[in-house]
Structures are given as structure tokens and as C-alpha cells.
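Single-structure report; data block below.
First the proteins, then the strands, lettered A, B, ... as listed; each starts at 1. Side chains included, hydrogens not; waters and symmetry mates left out as well; all remaining heavy atoms used.
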There are 2 protein chains.
Amino acid sequence: MPSRLQAQIDFILEADRLKQVLRQSVLTDRSRRENDAEHSWHLALMAIVLAEYGPAGCDLGRVLQMLVVHDLVEIDAGDSFIYDEAAQASKAEREQAAARRIFAMLPEGQGARLAALWEEFEARESPEARFAAAMDRLEPLLLNFQTGGATWRPNGIRRAQVVARNRPSLTEGAPDLWAFAEHLIDEAVARGYLGADATRGE
Amino acid sequence: MPSRLQAQIDFILEADRLKQVLRQSVLTDRSRRENDAEHSWHLALMAIVLAEYGPAGCDLGRVLQMLVVHDLVEIDAGDSFIYDEAAQASKAEREQAAARRIFAMLPEGQGARLAALWEEFEARESPEARFAAAMDRLEPLLLNFQTGGATWRPNGIRRAQVVARNRPSLTEGAPDLWAFAEHLIDEAVARGYLGADATRGE
């Protein structure tokens, strides 16, 4: 077998490990936690269905490529819970090291191209990266709402934390979907899925 | 919330059920069976990495959209094991009924567009559908080889069955990858992961 194809197949087999990286999110039927591979698929489906809410000039094909590769670094770096400040602080370094190892498995030019796509996603500057990031924020909101706050409640998460973590990406990447998300967050508080904001003196 | 967005969100939540549809394939670490959502993600990643082996004029963005939606019908129809002839016989009808229900959840024009994409995949005529189908064949071969025939061995599958099921799609959609797959199949027989072909009188 040509060594180029061998390297590509080795990368594809290594990527299988993403199916074992568990996220905090719980499936809609509450049966188990979601893994990174199925999460990445769900974001890609959302991008197809919600493309009309994305920034002008956003290339859906590039969004899909970005979403498919965006979590590969978590094979080494693991999932960092978005409300875990210690994990968030060390995340960038752990993920950079993972990217160096994982994308280097591919033939040189191809590995560099996929690494660049991942870096573009992380930088949140291009229309595609902003829309992809908006999908990455909206999906766990939907799963949390649908499961009665399965991730929020055990972690004592409050409304202001969810707004702080989600508003920037959603307003940048899909403003109409932020309006929807904000409504969902308020409804989650009303139903007791998510803590209300602390009042003065609390 | 606008009813258009509501329909889209309802579809996205319904799609979450694909994470619960189990396939026959086993993950590379042999820990459990693969589900349709993570399988769809893996095919999309393969299409990105192996695009250079696809037919001329193949649009990768369309391939990715097709792969992301190609198994949604299995939410209702279930996974049909490729070597189960009874399941294969009733598959088309079960999947057509599923497509009618699932894609109709979306706003009209959008549902029709995604249903057409699924039908294009099923018809195996466009370059994108042929390449997508090649990925759908190659992934379980890789997983089977990597797990020592985890699906082949318990089902007593033989070389000729694997060749008959995989050669047409792979030669049409990615001929260089068929050459690789054929080598993999022969090696699987040599290692005892897959049954040799029956000899005369057997």
C-alpha cells in the first residue's frame, strides 16, 4: 500500500477514539452522556438545517469540514466542561499539543490543511468559524433544555453563567438564534431547569 | 418563536435519536457497537481525508451533506445488517416510509431538499453519491479488520460475501480504494478474521 494512503488510513482509525470521549451533555432520552463523535455529527446536521441564520458569505461546505474536525484534539486533551474554570484555563495548551500530534499523522500538506481548519475554528474570526461556533453553543443548550437541565442542575449552574458563555458566540455567528436561545434560557429558569441569577445579598 | 424555526428545532431534536440506533460494527477498541450518528461522522471525516480518491468533479460539500443525512431514515427503519438478506429485502420500503415522516418535519422546501439528497445517495448515480457510498462501505471493512473480524466471525461471513457487497460501490466510487480494500480482505482471510471462500464439494 502506498505510504500516503497508509498514513490516511492510520489517521482515520485513530479518529475512531473520538467516539469514546464523553461530554457533559446527556442525550434527549436521558439514557447516557453524549460522545464527541456523535456531537460533531449533530452540529453538522444543525449547520445544514440552520444555514439560513448564518453570516452572509458563509460557505456551508467549509463549515461542515470545520465541524467534522473541530473536536479531534479532544482524543488527547479530553472534553473540557464549559463551566469548569480550571479546565478552561489549561485547555488551549492541551489542545495545541494534541493538534500537533494528531494532524501530523496525515501526509504533510493535508495535515497542515486540517490543522489550519481547526485553528480557524478556534480563532472565531471567519464567517464559517463564527457560524460553526454558534452551532457548538446551541446544541448543548437544546440538549440541556430537553432533559430538564441534566447538566445544569447537578452542577448548580445559573442563568448568568449560561448567558456569559453563549451570548458572544451566538450573537456573532447567528444573531436570530441568540434571540431564540435567550428565550429558551429564560424558560429553563422558569421551569427550574437552570438556577435564577443571584439577587443582591444572596 | 417563528413556526419555521420551531419546525427546524423539532427536527434537530428528533435527529438526536440517531445516536441510539446501533449498527453491527464494533469500535476499534472492541468496547461496544457503533451507533449511526458517530458512524455518519466517521464517514464525513473519511470523505475529507480521502477526497483525492473520489470521482472527477465530485463536490466535497455535497458529499458531506449527503453523509450527514444518509442514515436519518434509520431512526424509524433501524439498521439493516448488510449480510441479512431478509432485512435487505424489506429495507427500501421501510426506509421510504421513514423518509416521508422524518423529512416532512422540516419546512416544506427544506424537507424536500434533504429528502432529494437522501434519494440521490440511495440512487448511487451522481459522483457525490458514488463517493459517499464508497465511504459507507470502506468504514465497516476497516472496523472489522481492526477488531479481528468482530462482525464477520460471529456471523460466519465468507470472503465472497464481503467482495460481492463491497466491490461494486468501491470500484464505482473510489477505484484506488477498492484495490486497498481487496488487499485488506485477503489479509483478513489469511489471519482468520474472515472465512475463506467455499471450495468445490464443501
### Message
Which atoms of B:Leu45 are under 4.5 Å from chain A, going by heavy atoms: the side chain, the backbone, both sets, or neither?
### Response
both
#### Entry: pair B:Asp29-A:Asp16: side-chain heavy atoms closer than 4.5 Å
no
### Task
Please state whether the side chain, the backbone, both or neither of A:Gln65 comes within less than 4.5 Å of a heavy atom of chain B.
both
### Query
Near B:Glu119 CD, under 6.0 Å, is it more than 12 heavy atoms from other residues, nucleotides or ligands?
yes
### Query
Considering only heavy atoms, which portion of A:Leu142 lies under 4.5 Å from any heavy atom of chain B: side chain, backbone, both, or neither?
both
### Message
Please report the interatomic distance CG(A:Leu27) to CD(B:Gln20), rounded to the nearest 0.5 Å.
### Response
5.0 Å
### B:Asp59, part contacting chain A, at a heavy-atom distance under 4.5 Å
neither
### Query
Tell me, do B:Ile12 and A:Leu50 make a side-chain contact under 4.5 Å, heavy atoms counted?
yes
### Query
Does a side-chain N-to-carboxylate-O contact under 4.0 Å join B:Lys19 and A:Glu139?
yes
### Task
Heavy atoms only, distances under 4.5 angstrom: which of A:Ala37, A:Gly61, A:Ser31 has the most pairs with chain B? Name it, please.
A:Ala37
### Query
Is it the backbone or the side chain of A:Asp36 that comes under 4.5 Å from a heavy atom of chain B, or both, or neither?
neither
### Under 4.5 Å from a heavy atom of chain A, the part of B:His42 involved
side chain
### Task
Kindly give the heavy-atom pair with the smallest separation between B:Asn35 and A:Glu38, and that separation in Å.
ND2-OE1, 2.9 Å
#### Entry: Residues forming a salt bridge (Lys or Arg N to Asp or Glu O under 4.0 Å) with A:Glu95, sequence neighbours excluded
none
### Query
Out of A:Arg113, A:Gln146, A:Glu52, which one racks up the most heavy-atom pairs below 4.5 Å with chain B?
A:Glu52
## Note on the structure
d(B:Ile9 CD1, A:Phe145 CZ) to nearest 0.5 Å is 11.5 Å
## Note on the structure
Comparing B:Glu34, B:Met46, B:His39, B:Gln8 against chain A, the one with the most heavy-atom pairs below 4.5 Å turns out to be B:Gln8
### Message
Within a 6.0 Å radius of atom CD on B:Gln6, are there more than 12 heavy atoms belonging to other residues, nucleotides or ligands?
### Response
yes
### Query
Which atom pair, heavy atoms only, marks the closest approach of A:Ser40 to B:Trp41?
CB-CD1, 3.5 Å
### Query
Among B:Arg17, B:His183, B:Arg32, which residue forms the greatest number of heavy-atom pairs with chain A at distances under 4.5 Å?
B:Arg32
